[in-house]
Amino acid sequence: MTLHSKLSGLRAATAFSVCLLGTPAALAQAMPPPDGPDHDGPPFGQMHERDGEPGPFGTPPFLRGLGLTDAQNDRVFTILHSQAPKRRALEMAERKADESLREVAQTPELDQAAASAAAQALGQAIADQELLRLQTRAQLKAVLTPQQRAQLDAPRGKGRNVERARKKARQEGASQ
């Protein structure tokens, strides 16, 4: 081994070591302030979202920033709380169907009937979850005032505007 190759290896090891030493500093993030009566946060036992809206289930992302009243937050909580048992049952059904499908996939010979039944069960569980999500969203939108619904339906950010412009351009291109 030549002196030059030994020095190159040493330089690479040194550079790698410097990178490893710098990684924790690069990945470090500030910790959020603790909550509690001694830290100017809400009292223990009261859960609040970052936008200040209360509720142990939190505010669904699509409702954040709409300035819900306390009465609206209570209705949102009631809707989400009443949906929780069904949501859990559907998640368990999906997990069970997924496990069945994985078990069928592990067998040396494909049992077409078992595979079909497991796939159908998984598809039904996913479909039922999606239907529950849509029903819940409709119930939550019914809690909103007309102004809040208009604000909710208004396009947000550049992403939606860009996608609408692309869709419009495709439609115009197809019609010509």
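The basis for the numbers below is simple: all heavy atoms, side chains too, and nothing from hydrogens, waters or symmetry mates.
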Worksheet entry | Qualifying side-chain hydrogen bond (donor to acceptor under 3.5 Å, both in side chains) pairs, either residue in residues 92-102, two or more places apart | Glu94-Gln129, Asp98-Arg102
Worksheet item: Got a sec, which hydrophobics cluster with Leu122, joining ILVMFWY side chains under 4.5 Å apart, including via others?
Response: Leu101, Ile126
Worksheet item: From Asp74 CG over to Thr69 OG1, what is the distance, rounded to the nearest 0.5 angstrom?
Response: 8.0 Å
Worksheet item: With a 4.5 Å heavy-atom cut-off, do Gln72 and Leu66 have their side chains touching?
Response: no
Discussion item. Measuring only between side-chain heavy atoms, which start at C-beta, is Leu63 closer than 4.5 Å to Gln148?
Written reply: no
Discussion item. Considering only residues two or more places apart or on different chains, which pairs with a residue in residues 137-149 satisfy salt bridge (Lys or Arg N to Asp or Glu O under 4.0 Å)?
Written reply: Lys141-Asp153
Discussion item. Glu130: which residues meet the side chain to side chain donor-acceptor pair (under 3.5 Å) condition with it, sequence neighbours left out?
Written reply: Arg133
Worksheet item: Is the closest side-chain heavy-atom distance between Leu80 and Leu140 below 4.5 Å?
Response: yes
Practice prompt. Can you run down the side-chain hydrogen bond (donor to acceptor under 3.5 Å, both in side chains) pairs that involve residues 110-128, sequence neighbours left out, and say none if there aren't any?
Written response: Gln124-Asp128
Distance-only donor-acceptor pairs under 3.5 Å for side chains of residues 83-92, two or more places apart:
from  : atom 1 : to     : atom 2 : distance (Å)
Gln83 : NE2    : Gln139 : OE1    : 3.2

